[in-house]
A.B. asks: 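Have a look at this one before I ask anything.
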Amino acid sequence: MSYLLLFLIFCFIVWLYLRFSTRIPILMYHRIADIPGDRNSLPVEKFIEQLEYLYHNGYQTVTMNDVYMHYTKQKKLPTKSVLLTFDDGYKDNYITALPLLKKYKMSAVVFPISNWIGRENQWEDFHKAATLTMTLDELKSWQKNGMEIASHTVNHPFLSTCKGSQLQAELLESKNYLSKELNTSIDFLCYPYGNFNKETMLIAKNVGYKAAFAIFDQVPLWNINLFALPRIQISSRQSLNEFKLKVSKIHTIFIVMRQLERWIKNLRQK
Ligand SMILES: [Zn+2]
């Protein structure tokens, strides 16, 4: 009987692995800078450590369209594929991250906020360290260096609180502005704070985006939804071992376990 149970557990694990191992890890970065206490600012030494790990272990960066084609047309991607994304379009992404990405032959996506290009980061009052965002010229240069750009709305609102014409404007005007100024097609969207609802997904699809990125703890993981692609936060507090797990074939299983852990923590606090 116990052998049967072990066999069933083994089959379940194999089945889980087969189901999730084709998922592409999509990493979410913000700033590459040493800002003590800010988990969204990754010190450059840690970023180099991560790029070194990816480079020396056969990981290859893919594009947003690769991921889209993988999920819609079953496009074959390298076994160790990873998509790197940077939220908000900080200047340090251009100054610090870009030369390193090139050094390690990697590509990445940046999500600038169309109303906050080449400005100080004052779209939110979260007591964050003051810094600048990339200018239009820097974004153009970012692209010329083989990197990608997608939309992160006009003003960085919580999209689930936006209604009707405001929601439409946040999604469409940012798309139109970036595609006009950068002379490129803007096909992908990243939800500020990973915040969205059914209406957000519907309007995003209607205004012409092919897919949208969210954050792993706010999306259902069982099935892939193109308008709620899960991303994994890369925090300044995590160890290299945690990073290795986050880009591994079992990263989705790791994420499910983290979701479970949070759920239990929340239950205990109630
Ligand atoms: Zn953001």
Side-chain angles (χ1 to χ4, degrees), residues 25-33 35 37-42 47 64 67 83-98 101 108-136 138-139 142-143 147-162 166-167 169-179 181-182 186-197 200-201 203-204 207 209 211-219 227-238 246:
I26 307 173
L27 309 188
M28 175 179 75
Y29 293 92
H30 286 79
R31 295 192 61 190
I32 301 298
I35 312 289
D38 181 3
R39 64 190 197 133
N40 283 335
S41 294
L42 188 73
F47 187 54
M64 293 182 288
V67 172
L83 176 63
L84 309 181
T85 71
F86 290 85
D87 286 30
D88 307 333
Y90 295 102
K91 194 181 270 290
D92 53 54
N93 297 172
Y94 181 74
I95 304 288
T96 311
L98 178 60
L101 289 165
V109 188
V110 76
F111 300 119
I113 308 157
S114 71
N115 211 11
W116 291 90
I117 289 173
R119 295 175 66 181
E120 204 173 274
N121 56 335
Q122 290 181 350
W123 58 86
E124 57 189 6
D125 183 20
F126 287 170
H127 308 292
K128 292 255 173 80
T131 188
L132 293 171
T133 61
M134 286 158 71
T135 63
L136 270 179
E138 286 164 342
L139 287 170
W142 173 267
Q143 268 186 307
M147 307 292 149
E148 298 188 277
I149 292 170
S151 169
H152 199 36
T153 74
V154 178
N155 297 296
H156 207 269
F158 284 90
L159 287 171
S160 67
T161 65
C162 298
Q166 191 200 354
L167 177 58
E170 286 289 344
L171 303 191
L172 185 57
E173 284 175 19
S174 55
K175 186 181 196 304
N176 288 344
Y177 178 81
L178 291 174
S179 55
E181 293 298 329
L182 302 170
I186 300 292
D187 296 327
F188 298 91
L189 168 71
C190 170
Y191 302 129
Y193 315 104
N195 175 263
F196 67 98
N197 59 17
T200 323
M201 293 195 282
I203 303 290
V207 302
Y209 289 106
F213 298 94
I215 303 175
F216 79 82
D217 54 356
Q218 288 156 19
V219 307
F227 285 85
L229 290 174
R231 294 186 304 154
I232 310 164
Q233 185 173 17
I234 303 299
S235 154
S236 61
R237 291 174 197 158
Q238 76 179 15
K246 284 180 171 180

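Counting starts at 1 for both ligands and their atoms, in listed order.
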A.B. asks: Salt bridge check: are K128 and D88 linked by an N-O gap of less than 4.0 Å?
C.D. replies: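 Answer for the salt bridge query: no.
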
A.B. asks: Carefully, step by step, assess L159 and I203 under the rule side chain to side chain contact (heavy atoms under 4.5 Å, CB included).
C.D. replies: CA-CA 11 Å; L159 287 171; I203 303 290; over 6 Å; no

A.B. asks: Could you list the residues that satisfy salt bridge (Lys or Arg N to Asp or Glu O under 4.0 Å) with D92, not counting sequence neighbours?
C.D. replies: R31

A.B. asks: Is it true that the side chains of S174 and S151 contain a donor and an acceptor less than 3.5 Å apart?
C.D. replies: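 There is such a pair between these side chains.
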
A.B. asks: What protein N/O/S atoms are found closer than 2.8 Å to the Zn ion (ligand 1)?
C.D. replies: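 Metal shell, protein only: D88 OD1, H152 NE2, H156 NE2.
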
A.B. asks: For T131 and N121, does a side-chain donor sit closer than 3.5 Å to a side-chain acceptor?
C.D. replies: no

A.B. asks: How about Y29 and F47: are their ring centroids closer than 6.0 Å?
C.D. replies: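 Ring centroids of Y29 and F47 are less than 6.0 Å from each other.
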
